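Every heavy atom of this structure was used, including side-chain atoms; hydrogens, water molecules and symmetry mates were not. Here the structure is a predicted model, which is why all the values come from computation and not from measurement.
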Amino acid sequence: MIDLDAVRLAKANIGGQVQNTPFVLSRTLSDIVGAELWLKFENLQFTASFKERGALNRMLALTEVERQQGVIAVSAGNHAQGVAYHAQRMNVPAVIVMPRFTPTVKVANTRRFGAEVVLHGETFDDAKAHGEVLAHERGLIMIHPYDDALVMAGQGTVALEMLDVQPALDMLVVPIGGGGLISGIAAAAKGLRPDIQVIGVQTERFPAMFSAITGQVRESGHYTIAEGIAVKSPGDLTREVVARHVDRIELVDESDIEHAIVMLLEIEKTVVEGAGAAGLAALLRARKDGRMDYRGRRIGLVLTGGNIDPLMLADLIERGMVRAGRLARIRVKLRDLPGALSRATQLIADAHANVTEVHHQRAFTALPVQDVEVDFVIQTRDHAHVQDVIARLNAAGFLAGDHGH
C-alpha cells in the first residue's frame, strides 16, 4: 500500500524529469470564494498534465527486458501523453488506446511523441477492455493510469511540492477519475499532516468513486466536459486509499465546470480542461448553494491539466459571456419599412452596446405582413446594461425583449 515514504521515493526518482510547477496564491479567486486559495498549475507540465509524474515513476521500474517488449496504456488523453513522452525519452515502444471521442488535441499530441495510437470504444472503460486484449496479444507491459502503487506515488509528489511552499494548508481539493492522483496526494499529505482535510471532486455524470465510498448508487452518464475524470469504475487500490484518507467527495455539474474554466481563463489567464477546473467548480458550487464548508480556510487546489480542444474553449468563452450578461440576444418587433432597422440600431448604439449579429425573420412568424422580428446579438457590460438597451427600445415605440440565453 502507498504511503509517505513511497511518495518521497517517487520524488527522488522523477526529480529533474518533470516540472516543479508553480503553486501560488490567487488573490482574486480568494476574494470570490471567501477562502485563501492556492493554485497548483499542473497544466504547465510539458504534457500539460500531472499524469506524466506517475507514468514516469512506473516506467522507471521497468526491467531491461520489459523496456524492449514495450508498454501499453489506456487513457482519455493525459496519461497517454505522459506515457508516450517518457517512452520516447527512454526509447521504449509505446501503444496507446484511447476512446474514439478523445479531444483531437490529445490524440495529436500523443502521436507527436511517436506512440502508436489506437482509438476504440465510446468510454474509457471500453478502451480499457480493448487495451487489456492488446497487451495480452502483443506481450506489452500495461502502464495503468491510476490503479498502480508506483503511479499513485508519482502523482502524490504534487502534494509534497504544495506543502513545501505552503505547509499551513488546511485543505486540499482534488479532482477524482480513477483515483490515482487523490490517492497519492492523500497518502502524502496525511503522512505529513494528519489534520489536513482532503476533498475529492467528481462530476454528477461520472460519480463512480462517490458511489463506491458512500454506497449511494448513481448511474453514470455518457459524456462530460471533464472527460479526464470520466471513469465508470474506480480502481481497487485507489478505492482503499480513498476510503482511508479522503474526508469526503463533492459532486459538480457541467455548468459549474464551464463557469470554472472561464473564470480561470479570465482571472488567472490560464487554460485548463474540464477535469482541471473541477476543484474550483466545487468551491463555486458551495458558494452558490450558500454552504460555508470552505469559507476562511487555506485551500490548495490542483489545476490538473490544460489539454482542452480549442473549439470547445471558444464555445465556453462565448457561453460564459452570455452568463455574465456581456453577450445577449434581444428580439425587436418593428415595421418592415425603410429606416426602421436603422433607427433600432442607432438606439442600441446610443446605449453604448455593440451589434455583432442581426437576423431578420419575415416568413416564420405570426406577426402581420409588413411587420418583422429582428434578433440582435449585442455585446454589453452586464445584465443591467442589457435591460437598459431593451428599455430604450421600448421607450422609442419598439416592442423589445430579452430573447433568452
Side-chain angles (χ1 to χ4, degrees), residues 1-20 42 45-98 110 113-117 124 127-128 131-132 134-136 138-161 174 176-188 228 231 234-242 304-305:
M1 186 57 65
I2 183 176
D3 58 15
L4 176 59
D5 288 340
V7 179
R8 282 175 167 158
L9 179 59
K11 184 178 180 181
N13 288 339
I14 68 176
Q17 300 179 75
V18 298
Q19 297 293 325
N20 185 336
E42 284 296 287
Q45 289 290 351
F46 180 70
T47 60
S49 165
F50 75 94
K51 283 284 191 176
E52 63 177 86
R53 294 172 179 265
L56 176 59
N57 194 48
R58 172 65 183 87
M59 291 171 67
L60 289 172
L62 293 171
T63 66
E64 189 56 40
V65 171
E66 289 173 334
R67 292 188 184 204
Q68 293 175 7
Q69 287 177 264
V71 298
I72 186 169
V74 182
S75 169
N78 290 333
H79 180 63
Q81 291 176 73
V83 171
Y85 168 55
H86 289 292
Q88 184 182 61
R89 290 180 58 243
M90 297 167 65
N91 294 314
V92 175
V95 177
I96 308 296
V97 184
M98 309 173 85
T110 304
F113 294 131
E116 176 190 345
V117 175
F124 170 82
K128 178 184 175 185
E132 290 170 350
L134 289 181
H136 178 73
R138 301 194 191 182
L140 301 169
I141 308 302
M142 178 67 74
I143 307 297
H144 201 283
Y146 50 84
D147 211 27
D148 181 292
L150 291 173
V151 171
M152 288 187 279
Q155 320 301 30
T157 59
V158 173
L160 298 184
E161 293 174 6
V174 186
I176 301 179
L181 176 64
I182 198 168
S183 294
I185 283 179
V231 177
D236 295 328
L237 298 178
T238 57
R239 180 164 41 197
E240 292 181 26
V241 178
V242 170
T304 55

I'd like a table of donor-acceptor pairs (distance under 3.5 Å, sequence neighbours excluded) in which one partner is a side-chain atom from residues 6-19, with atom names and distances.
residue, atom, partner, partner atom, Å
Lys11, NZ, Asp164, OD2, 3.1
Asn13, ND2, Leu9, O, 3.4
Asn13, ND2, Asn57, OD1, 3.3
Gln17, OE1, Arg89, NH1, 3.4
Gln17, OE1, Arg89, NH2, 3.1
Gln17, NE2, Asn13, O, 3.2

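- When all heavy atoms of Ala127 and Val97 are compared, the pair lying nearest together is O-CG1, 3.5 Å.
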Discussion item. As a quick check of understanding, evaluate side chain to side chain contact (heavy atoms under 4.5 Å, CB included) for Val241 and Ile182, giving each step before the final call.
Written reply: CA-CA 9 Å; Val241 178; Ile182 198 168; over 6 Å; no
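- For Ala73 against Val83, the heavy-atom pair with the smallest separation is CB-CG2, 3.9 Å.
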Worksheet item: When you look at Ile72 and Ile141, which way does the side chain to side chain contact (heavy atoms under 4.5 Å, CB included) test go after all the steps?
Response: CA-CA 6 Å; Ile72 186 169; Ile141 308 302; over 6 Å; no
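- Counting only heavy atoms from C-beta outward, the side chains of Met98 and Val74 never approach each other to under 4.5 Å.
- Under 3.5 Å, the side chains of Thr110 and Gln81 contain no donor-acceptor pair of N or O atoms.
- Rounding to the nearest 0.5 Å places OG1 of Thr304 at 12.0 Å from CD1 of Ile176.
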Fill in: Stepwise side chain to side chain contact (heavy atoms under 4.5 Å, CB included) test for Asp148 and Leu237
CA-CA 7 Å; Asp148 181 292; Leu237 298 178; 5.6 Å; no
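- Summarising the geometry, atom CD belonging to Glu52 is positioned 10.0 Å from atom CD belonging to Gln155; distances are rounded to the nearest 0.5 Å.
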Practice prompt. Go through Asn78 and Thr47 one step at a time and tell me if the side chain to side chain contact (heavy atoms under 4.5 Å, CB included) criterion holds.
Written response: CA-CA 7 Å; Asn78 290 333; Thr47 60; over 6 Å; no
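- At a threshold of 4.5 Å between non-hydrogen side-chain atoms, the residues Asp236 and Asp147 count as touching.
- Across Ala80 and Ser75, no two heavy atoms sit closer than the pair N-OG, 2.9 Å.
- With respect to the salt-bridge test (charged N to carboxylate O, under 4.0 angstrom), the residues Lys51 and Glu42 do not qualify.
- Within the 4.5 Å cutoff, side-chain heavy atoms of Ile143 are placed close to those of Met59.
- Among all heavy-atom pairs drawn from Pro234 and Arg239, the shortest one is CG-NH1, 4.3 Å.
- Within the 4.5 Å cutoff, the side chain of Phe50 has no heavy atoms near those of the Gln45 side chain.
- The side-chain heavy atoms of Tyr146 and His144, taken from C-beta on, include a pair separated by under 4.5 Å.
- In this structure, the side chains of Val242 and Ser183 come closer than 4.5 Å at one or more pairs of heavy atoms.
- Put simply, CE on Met152 and CD1 on Ile2 are 5.5 Å apart, with the number rounded to the nearest 0.5 Å.
- Remark: His86 engages no residue in a ring-ring contact (aromatic ring centres under 6.0 Å, His included) (not counting sequence neighbours).
- A distance of 11.0 Å separates CG of Leu56 from CG of Leu150, quoted to the nearest 0.5 Å.
- Panel note: side chain Thr238, backbone Gly179; no donor-acceptor pair is recorded below 3.5 Å.
- A donor-acceptor pair under 3.5 Å links the side-chain atoms of Gln69 to the main chain of Gly139, judged by distance alone.
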